[in-house]
Number of protein chains: 2
Amino acid sequence: MTIAEEDYLKVILKLELAQEELHARVTTNQVAEVIQTKPSSVTDMLKRLKEKSLVDYIKYKGIKLTGAGRKQALCLIRRHRLWETFLVEKLGLSWKTVHPVAEQLEHVHSDELLERLDEFLGHPAFDPHGEPIPNGEGKLPGCDGELMTTVKAGKNYTFMGIKEPTDTLLSYLDKIKLNIGSIFHVQDVEAYNGSVELEMGGKVCFLTYDVANKLVVKVNEKHENKN
Amino acid sequence: MTIAEEDYLKVILKLELAQEELHARVTTNQVAEVIQTKPSSVTDMLKRLKEKSLVDYIKYKGIKLTGAGRKQALCLIRRHRLWETFLVEKLGLSWKTVHPVAEQLEHVHSDELLERLDEFLGHPAFDPHGEPIPNGEGKLPGCDGELMTTVKAGKNYTFMGIKEPTDTLLSYLDKIKLNIGSIFHVQDVEAYNGSVELEMGGKVCFLTYDVANKLVVKVNEKHENKN
DNA sequence: AATTATTTTTAGATTAATCTAAATTTATTT
DNA sequence: AAATAAATTTAGATTAATCTAAAAATAATT
C-alpha cells in the first residue's frame, strides 16, 4: 500500500460520508478536486485500486469503496486523528498546525505502535478538532451522543465532539474554554431563541442556538445530582 | 527531499563514520550493499544527489557528503533516534522492535514537531540502543565520555552510551539492569584482567574487560563522595 | 431529438527509482 | 606490462504516479 493509494482511499471515504444523497457514487472529478490533481490521474489510480479490490469502480459511473477499502480508509483516519491528539495533548502543538504533520504520520505502518499510542493517549474518542476517532474495529464513537440543542435544563453533560468543525468555531470554543471532555451543568435553555446557559467549573457561559447545534454532548448519568 | 534520497544520505554518513581509514571515500558498492540494491541504482541516485549539491561524487572515485548533505543526514539520525527513544520510553515498545518503525518516522518533516518531541523526552543524549543523538546543530554528545575500562575505583560515574551496540550486548545489559543514565560507584578495578566491579542502587555487578570496553561513561563529579 | 456542454477516459509523455545486461574503468596478479 | 578480476558506469526497460491533449461517453439545453 503506497502513500498515494492511501491518500485516495481516505479522500473517497470522506466524500462518501459527506455525500448529500446516500448511496450516491463518488465521482472522478470530486476526487480530483480534493486531491488537487487532474481527473485523468484519478482514473489511472482508480484502475489500480480496483485491481487491488479496494474500490468498486465502474467506468463513467463513479466509485464506491469495497469492504476492504473502507476498512483501510477508516484505519488511516484513526491513525490521523490519534496522531493529532498526540501532537496537541502531549507535545503541546496547536490544533491549527497539526493537520499537515498528521497527514505524514498517518502513513507510518505499525499495528503495535498504533495500539500503544492509543493506550498512551487513554483511548480518546475525539481528536482536538472534535472529530470522532474510529476504534480498532473501524467503528465511530459518539454515535449515541446528541446535539447540545436537545439538552434539558438541570442535567449534567459531557462535551464529546463537534459536528462540523471549522477553525472559527474551534477558536471560539478555545476562547470560552469549552474543551472536549469538559463536564458541564445546563442552567437554562431559552425557549425563545434556543440559546443555552451552562455552568462549568463555577463559571457560566452562554451559547447561541447556532453554536449549540454543532456541539455533540452526552448525558452524564453519574453527575446527575451534582447541583 | 524524497524518502529514497534521505535513505541514501543517511547510509553514506554512517559509512563515512565507520570508515577504517579516515577521509577515505565511500564506494558505490558499499552503499549498494547497505541499501540492498544494485550498484547501478546507486550510481543513478548519486548523480541526482550531486545535482542537488548533497554529495561530492566523482565518477569511479567514490563519494563524500557535502556540508549540506552531512547536515541533512545528521538531522535524519537525530529524528530516528529521538523517535526510537519515544517509542521505548513513552510507548513501552521494546528496543528490539523499534528500528523499522523509526525508519518510517524519521521521514516525517516538521521542525516544530522535532523540537517539541525533543523537549517532551527531556533532551535525551542517547537513544535506547545507547547510540548518541545529534543535537539541533548536528553535534554528537558524549564525545567527552570515556570507556568503562579507564574508570578509577572509588569514583562515581554515569552510564552514557554504548560504543558498538549489538543485540546480545543490549540484552545482557537489560538483564543486569544497567540502563543508560544509571549512576554507579566503582568498587574495584581488577588489575589482573581489567574486569570492573560496580555498585548500583545497593546491588553489586561485575563486568568483564570486553564488556566494559564497549560502555561509554562520564565521571559524576556531583556524586563523587557518595560512599 | 439534436446540439452543446460537461465529465470521464484514453493515448502518449515525463520523472523518480529501480532493474538487467553490456561496456568501461580501476585494481590485482601473474 | 599484460592478463585477469573486480568495481563502476552506461544504455535501455520497467513501474508508480503524474501530466497534456484528444477522444468518447454522459448530461443539460435549446
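These numbers come from a predicted model, not from an experiment. To find a chain, count down the sequence lines: A is the first, B the second, and so on, and within it residues start at 1.
With a cutoff of under 4.0 Å to any heavy atom of chain A, the contacted region of DNA chain D is bounded 5' to 3' by D:dA16 to D:dT26.
One atom, CD of A:E33, and another, C1' of C:dT7, lie 14 Å apart when rounded to the nearest Å. Rounded to whole Å, atom C1' of C:dT9 lies 13 Å from atom NZ of A:K50. Protein atom CZ of B:R25 is 13 Å distant from nucleotide atom P of C:dA27, rounded to whole Å.
Proximity of A:N29 to the phosphate of C:dT6: no side-chain N or O atom is located under 4.0 Å from OP1 or OP2. For A:K38, no side-chain nitrogen or oxygen approaches OP1 or OP2 of C:dT8 to under 4.0 Å.
Mapping B:G62 and A:K61 onto DNA chain D by nearest heavy atom places B:G62 at the nucleotide closer to the 5' end.
Applying the side chain to side chain donor-acceptor pair (under 3.5 Å) test to residues at least two apart or on different chains, the pairs with a partner in residues 50-60 of chain A are A:E5-A:K52, A:R25-A:D56.
Looking at A:R70, its side chain never comes within 3.5 Å of a backbone N or O of A:L13 through a donor-acceptor pair. A distance-only check finds no donor-acceptor pair linking the side chain of A:E112 to the backbone of B:L93 [under 3.5 Å].
Put simply, OG on B:S171 and CD1 on B:I176 are 11.5 Å apart, with the number rounded to the nearest 0.5 Å.
Among the protein residues, B:S40 comes within range of the nucleic acid bases, having at least one heavy atom under 4.0 Å from a base atom. Residue A:T28 is in sugar-phosphate contact alone, with no base atom involved, counting any heavy-atom pair closer than 4.0 Å across all strands shown.
Summarising the geometry of A:E106 relative to A:L76, their closest heavy-atom pair is O-CD2, 3.6 Å, with the distance given to 0.1 Å.
With sequence neighbours left out, the salt bridge (charged side-chain N to carboxylate O under 4.0 Å, His left out) criterion links A:D118 to A:R78.
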